[in-house]
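What follows is a single structure, written as structure tokens, with notes after it.
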Amino acid sequence: MKLSFLQEQNLTQKTHISTKKWEIFTPQKWKLYVIISWTVAETLEKNDGLETHIKRLLWPWDIFPLYIPHTSSDLSELIYERRVPWKIIEIAQADFTDLLYTNQQITQLYMGYIGEAIQGVEQRLEDQNFLSTTDRCIQLLVKLAGNNQFTQDFDGQKEIRCWLTQVQLASLSGCSRQSFTQTMNTLKNKNLLSYDARRILIYNVDDLKAYKK
């Protein structure tokens, strides 16, 4: 859901932050951030620093951390990753709370946004329980193919040039790296796609959706 109403409320006049390539961004407490450009991985980093897990991908006009008024959480484990420069807006939580209290339309839109985000998390958990690894990987590929920040269309073929590593793609699919690689090789052998370290080329998205193991 694109929260374009933020532009109408002049929140785009808040502090713009442009980060450099390869930087890791850790949110400050009592601040919210709105993505203006590019896509970002919200990553849960364990205390030992050895294990990370991508919770979700964030698109332009997503707000992070996912904010519900009058709650606070320990953000020390949340980091935001990308491999290209991005542009975000920084907003004080107090300012955003005031906006929710004073504008019913924005409150309704934001509650809808919260509902969609929570529903997405619940759907991912359900998919991990009921869908095969192959189906989950295909779902992710189709989603990435629909993101014009990653994808170019060549006469119906979708070329995905994504900075996510295979480990991160596997995490988003809810499987191990080995399982993800095996699935990609299977799809490649079925002439549904080709891939290397720099890109994934889907020959026909409908054929990929229709594939049954």
Side-chain angles (χ1 to χ4, degrees), residues 17-27 33 35-60 62 64-66 75-88 117 120-121 123-125 127-128 131-154 157-203 205 208-209 211 213:
I17 301 174
S18 295
T19 56
K20 298 179 181 179
K21 188 175 182 180
W22 303 106
E23 284 184 338
I24 299 297
F25 184 84
T26 302
Y33 305 90
I35 299 170
I36 300 301
S37 65
W38 208 246
T39 301
V40 182
E42 182 180 73
T43 301
L44 182 65
E45 187 175 53
K46 299 300 183 182
N47 292 329
D48 56 17
L50 300 176
E51 181 183 356
T52 61
H53 172 68
I54 293 184
K55 295 180 63 180
R56 58 183 179 141
L57 288 180
L58 303 175
W59 320 103
D62 273 336
F64 71 92
L66 190 60
L75 302 178
S76 61
E77 294 183 341
L78 278 180
I79 60 175
Y80 293 83
E81 296 184 81
R82 62 264 171 269
R83 295 297 179 264
V84 295
W86 65 342
K87 189 175 182 181
I88 58 177
V121 173
Q123 185 64 55
R124 183 176 174 185
L125 292 174
D127 290 346
Q128 288 181 3
L131 293 183
S132 68
T133 296
T134 298
D135 288 339
R136 295 200 305 272
C137 291
I138 288 175
Q139 275 192 352
L140 175 62
L141 293 173
V142 170
K143 184 177 182 180
L144 293 177
N147 181 352
N148 59 15
Q149 294 181 98
F150 290 149
T151 307
Q152 285 187 288
D153 189 300
F154 296 98
Q157 297 186 32
K158 299 289 187 178
E159 182 189 48
I160 303 169
R161 290 187 175 272
C162 180
W163 52 264
L164 294 166
T165 66
Q166 281 211 8
V167 172
Q168 291 172 319
L169 290 170
S171 177
L172 283 168
S173 301
C175 63
S176 67
R177 179 180 180 179
Q178 181 181 10
S179 296
F180 182 82
T181 301
Q182 289 174 345
T183 299
M184 292 295 288
N185 286 335
T186 297
L187 298 175
K188 181 177 180 179
N189 292 335
K190 296 294 183 180
N191 293 318
L192 293 169
L193 55 78
S194 62
Y195 75 97
D196 55 34
R198 296 175 299 171
R199 70 167 193 166
I200 301 169
L201 181 65
I202 300 173
Y203 300 136
V205 172
L208 182 63
K209 288 180 182 178
Y211 174 72
K213 185 175 180 181

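We count residues from 1, following the sequence as given. Keep in mind that the numbers below use all heavy atoms, side chains included, and drop hydrogens, waters and symmetry copies.
Exactly one residue among Leu141, Asn185, Leu187 makes a side chain to side chain contact (heavy atoms under 4.5 Å, CB included) with Tyr195. That residue is Asn185.
Under the 3.5 Å distance criterion, with hydrogens and angles disregarded, no donor-acceptor pair is assigned to the side chains of Asp135 and Gln139. Gln157 and Tyr203 share no donor-acceptor pair across their side chains, judged by distance under 3.5 Å alone.
Of the possible donor and acceptor atoms, none in the side chain of Thr151 sits under 3.5 Å from a partner among the backbone N and O of Lys158. In this structure, the side chain of Arg136 does not engage the main chain of Arg124 through any donor-acceptor pair within 3.5 Å. Checked by atom type and distance alone, the side chain of Asn189 never pairs as donor or acceptor with a backbone atom of Thr186 at under 3.5 Å. Checking side-chain atoms of Gln128 against main-chain N and O of Leu125 turns up no donor-acceptor pair under 3.5 Å.
Note that the NZ atom of Lys188 and the OG1 atom of Thr183 stand 14.5 Å from one another [nearest 0.5 Å]. In this structure, Leu131 CG and Ser173 OG are separated by 11.0 Å, a value rounded to the nearest 0.5 Å. In this structure, Ile200 CD1 and Leu164 CG are separated by 9.0 Å, a value rounded to the nearest 0.5 Å. To the nearest 0.5 angstrom, Ile202 atom CD1 is 10.0 Å from Lys209 atom NZ. Atom OG1 of Thr39 and atom CG of Asn147 lie 4.5 Å apart (nearest 0.5 Å). Between the CG atom in Leu169 and the CZ atom in Phe180 there is a gap of 4.5 Å [rounded to 0.5 Å].
Taking every heavy atom of both residues into account, Ala170 and Ser176 meet most closely at CB-O, 3.6 Å.
Gln168 has its side chain within reach of Glu81: a pair of non-hydrogen atoms, C-beta onward, lies under 4.5 Å apart. Considering only heavy atoms from C-beta on, Ile54 comes within 4.5 Å of Thr43 through its side chain.
In summary, the aromatic rings of Tyr33 and Phe25 are positioned with their centroids under 6.0 Å apart.
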Subject >> side-chain contact (heavy atoms from CB on, under 4.5 Å) evaluation trace for Phe64 with Leu78 >> reply: CA-CA 10 Å; Phe64 71 92; Leu78 278 180; over 6 Å; no
Original post:
Run the side-chain contact (heavy atoms from CB on, under 4.5 Å) check on Leu193 and Leu201 step by step: do they pass?
Top reply: CA-CA 5 Å; Leu193 55 78; Leu201 181 65; 5.9 Å; no
